[in-house]
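All values below come from the heavy atoms of this structure, side chains included, with hydrogens, waters and symmetry mates left out. Whatever order the structure lists them in is the order used to number ligands and atoms, beginning at 1. In this text the structure is predicted, and so the values were computed from the model without any measurement.
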Amino acid sequence: MMSEKASGTGKVYLVGAGPGDPGLITVKGLECVRTADVIVYDRLIGRDILDEARSDAELIYCGKGPGNHALTQEQINAVLVEKAAEGKVVCRLKGGDPFVFGRGGEEALELVAHGLPFEVVPGVTSAIAAGAYAGIPVTHRGVVTSFTVATGHEDATKEESSLAWRNLAQAGGTLVVLMGVGQLAAIVPELIAGGKSPETPVALVAWATHPQQKTMVSTLENVAADAQASGVRPPAVMIVGDVVALREQLAWIEDRPLFGRRVLVTRTREQASELSALLRVYGATPVEMPVIRLVPPETWEPFDAAVRRAESYDWLVFTSANGVKSARERLEETGLDLRALKGPRIAAIGPKTAAAACAVGLRVDACPEEYVAESLVAALEGEGLAGKRVLLLRAAEARTTFPDMARDLGAEVDVVSVYRTLPVDEPDARALGMLESGDVDAVTFASSSSVRNFAEAVGLDRVGPLLENVTVACLGPITAATAAELGLHVAVTPDEYTIEGLVEALVDHFASPDRRFTT
Ligand code: SAH
């Protein structure tokens, strides 16, 4: 992709973005999104994928939805031609696969007509993914050996179209219909007239692979009425055939404990990914809204000086993975490496900090069982603290519990900051919008400063009402106390103060005997 840019020739990539779950775009498709000069995207393309675009990329929305065309097909074609002719690398991003009812073929023909180069990057089509995420395989050994994908968009009352539906009914195999929810009343009688049994199982999968995925199961004779009664709206895929019954055993996504839950992650961008990934494992959709960012300390002088006398310390204590990272970066910046920390033994406040130390090549000599300052003191005290010199490397604005306690036990403690946490300039607009519209189920806070900064970011008087119907989860008791001080009702605090513990506590909180949507 880079080579075309270098040669100054424009090109259009017709890219399938997949059906919604941002994990379902292909590696090649994602690379196109990340490198394109211009992204021309459709209505159902998720924000997560668009966020991958270069910050200077031009994003053009062409929002084709039923009865609502931000740009006509001719205008879209013209944009693609114009941008490619200007020498731009264009990513034409479409839902599902570009050649499955995506008008990708028409756009490609237009480019051919103008002598402009293009490539097609296939995508995961909703025609297959909807079944996959609803626990319905489109083919199944011993049940069915073929499937047909049809559009329900054509006017089913037209003579030729009615014939086509009857022929499809006779073709046997699984029938998958896209864009058909609005046409059920017209399509279904033709399928029955074509020979499909009225009892044939039918599934409607709406918003497949999105957090709001819903599946409705019915039969051919009842589906139109059932769909109307349960208010199924597009986008939805209809699957007609005996394979639908497999869902009884194979529904997997809706059974995950946090399925459909949107969980706000307030950690820094750097730290969010671990929590977000774990939330996804349980079926939740993480919404990242960083409220703090990490910056270097106001001055490095105390750190640099402490490093120069490193050998005079008995203990070097890290209280976060950030502290480890930051200290190491500063050493590098000043032309040093970890050998400069030779001498003291090393303590870490918890397993993540210890792992971070380990990852940069530092062996950790002490790490308490419980991840609070009090336990760290206890861990070091076992080795005797009286008269010991301790260097504590941490955030500028942390609690003073550890140094106070260690000093009480006779230690000499130097507290040196290796980073500062500052509030973000502005809360993430999309996350805030979701909170305001009640689309967030839970919010997670991993530190007191994140609760405080969150409250300040959204407004101290607004934070209570905004989180009234949101489950507030705090990593540990100190964080929970800060949340309570700010007037929040904390519903979840884990027994174990780790990210894993937090997610498991959320799972327990939301556990209910039947989370499967059936209507
Ligand atoms: N090229 C797309 C289809 C475009 S036509 C693809 O390969 O998936 C638009 C139709 O696709 C919608 O009306 C709906 O029937 C279906 N569709 C697309 N995304 C969907 C989703 N996430 N869930 C259910 N149906 C979807």
Side-chain angles (χ1 to χ4, degrees), residues 13-26 29 40-50 62-71 73 76 91-108 120-136 138 147-156 165 168 174-184 186-188 202-217 223-224 227 230-240 244 247 251 253-254 259-260 283 285 517:
Y13 290 86
L14 297 167
V15 178
D21 178 341
L24 293 180
I25 188 169
T26 64
V40 183
Y41 67 101
D42 283 345
R43 193 171 59 105
L44 293 176
I45 306 299
R47 203 63 239 176
D48 291 295
I49 289 177
L50 294 174
C62 55
K64 284 197 295 162
N68 148 33
H69 291 230
L71 292 184
Q73 188 59 48
I76 296 169
C91 173
R92 170 69 177 110
L93 202 54
K94 292 166 171 291
D97 179 275
F99 279 3
V100 178
F101 303 125
R103 305 189 74 166
E106 290 165 58
E107 292 171 13
V120 183
V121 182
V124 173
T125 177
S126 64
I128 293 172
Y133 270 50
I136 304 168
V138 284
F147 65 93
T148 309
V149 180
T151 168
H153 202 49
E154 308 289 311
D155 184 355
W165 287 113
L168 281 177
T174 306
L175 175 61
V176 180
V177 182
L178 272 55
M179 298 176 278
V181 232
Q183 303 283 336
L184 290 176
I187 296 168
V188 166
V202 178
L204 286 176
V205 190
W207 288 103
T209 82
H210 288 258
Q212 67 272 41
Q213 173 177 323
K214 281 198 180 172
T215 304
M216 192 203 85
V217 175
V223 69
S230 56
V232 180
R233 313 270 321 137
V237 164
M238 174 164 78
I239 306 167
V240 183
V244 169
R247 179 179 148 76
I253 194 169
E254 294 126 329
F259 171 69
T285 301
F517 292 102

Quiz item: Numbering the atoms of ligand 1 from 1, which are under 4.0 Å from a heavy atom of V205?
Solution: 24 (C)

Practice problem: Specify the closest pair of heavy atoms between T151 and F101, including all atoms of both residues, with the distance to one decimal. | Solution: N-CZ, 3.4 Å

Quiz item: If you look at every heavy atom in P98 and G123, which pair is closest and at what distance?
Solution: CD-N, 3.8 Å

Quiz item: Heavy atom of K94 under 4.0 Å from ligand 1?
Solution: no

Quiz prompt | Closest non-hydrogen atom pair, G95 against D42 | solution = N-OD2, 4.4 Å

Practice problem: Using distance alone, determine whether T209 and ligand 1 share an N or O pair under 3.5 Å. | Solution: no

Quiz item: Counting each atom of ligand 1 from 1 as listed, which ones have a heavy atom of F101 under 4.0 Å away?
Solution: 4 (C), 5 (S)

Quiz item: How far is atom 25 (N) of ligand 1 from its nearest protein heavy atom, and which residue and atom is that?
Solution: V237 CG2, 3.3 Å

Exercise. Please could you name the atoms of ligand 1 that T125 approaches to less than 4.0 Å, counting only its heavy atoms?
Key: 6 (C), 7 (O), 8 (O)

Self-check item: Residues forming a side-chain contact (heavy atoms from CB on, under 4.5 Å) with V124, sequence neighbours excluded
Solution: P19, A129

Quiz item: How far apart are the closest heavy atoms of Y133 and Q213, and which atoms are they?
Solution: O-NE2, 2.8 Å

Quiz item: Any N or O of V124 that comes nearer than 3.5 Å to an N or O of ligand 1?
Solution: no

Quiz item: Atoms of ligand 1 less than 4.0 Å from H210 heavy atoms?
Solution: 22 (N)

Quiz item: Considering S126, G102, G180, G18, which one's heavy-atom position lies nearest to atom 16 (C) of ligand 1?
Solution: S126

Practice problem: For the residue pair R247 and E254, establish whether any side-chain heavy-atom pair is separated by less than 4.5 Å. | Solution: yes

Practice problem: Using distance alone, determine whether A206 and ligand 1 share an N or O pair under 3.5 Å. | Solution: no

Quiz item: Does any non-hydrogen side-chain atom of V202 lie less than 4.5 Å from one of M216?
Solution: no

Quiz item: Who gets closest to atom 3 (C) of ligand 1 by heavy atom: V100, I128, V181?
Solution: V100

Quiz item: Which ligand 1 atoms, with their elements, are less than 4.0 angstrom from a heavy-atom of D97?
Solution: 1 (N), 6 (C), 7 (O)

Quiz item: With no hydrogens and no angle check, is any side-chain donor or acceptor of D21 less than 3.5 Å from a backbone partner on G23?
Solution: yes

Quiz item: Counting each atom of ligand 1 from 1 as listed, which ones have a heavy atom of L178 under 4.0 Å away?
Solution: 3 (C), 11 (O), 15 (O), 16 (C)

Practice problem: Mind listing the closest non-hydrogen atom pair of V181 and A236 along with its distance? | Solution: CG2-CB, 4.0 Å

Quiz item: Got a sec, which residues hit salt bridge (Lys or Arg N to Asp or Glu O under 4.0 Å) with D48, two or more places apart in sequence or on another chain?
Solution: R430

Practice problem: Have a look at G95, G20, P235 and point out the one with the heavy atom closest to atom 2 (C) of ligand 1. | Solution: G95

Quiz item: How far is atom 21 (C) of ligand 1 from its nearest protein heavy atom, and which residue and atom is that?
Solution: A208 N, 3.6 Å

Quiz item: Any nitrogen or oxygen of M179, main chain or side chain, under 3.5 Å from a nitrogen or oxygen of ligand 1?
Solution: yes

Exercise. Report the member of G182, G46, P19, A236 with the shortest heavy-atom distance to atom 14 (C) of ligand 1.
Key: A236

Quiz item: Can you name the nearest heavy-atom pair linking G180 to I187, along with the distance?
Solution: O-CD1, 4.2 Å

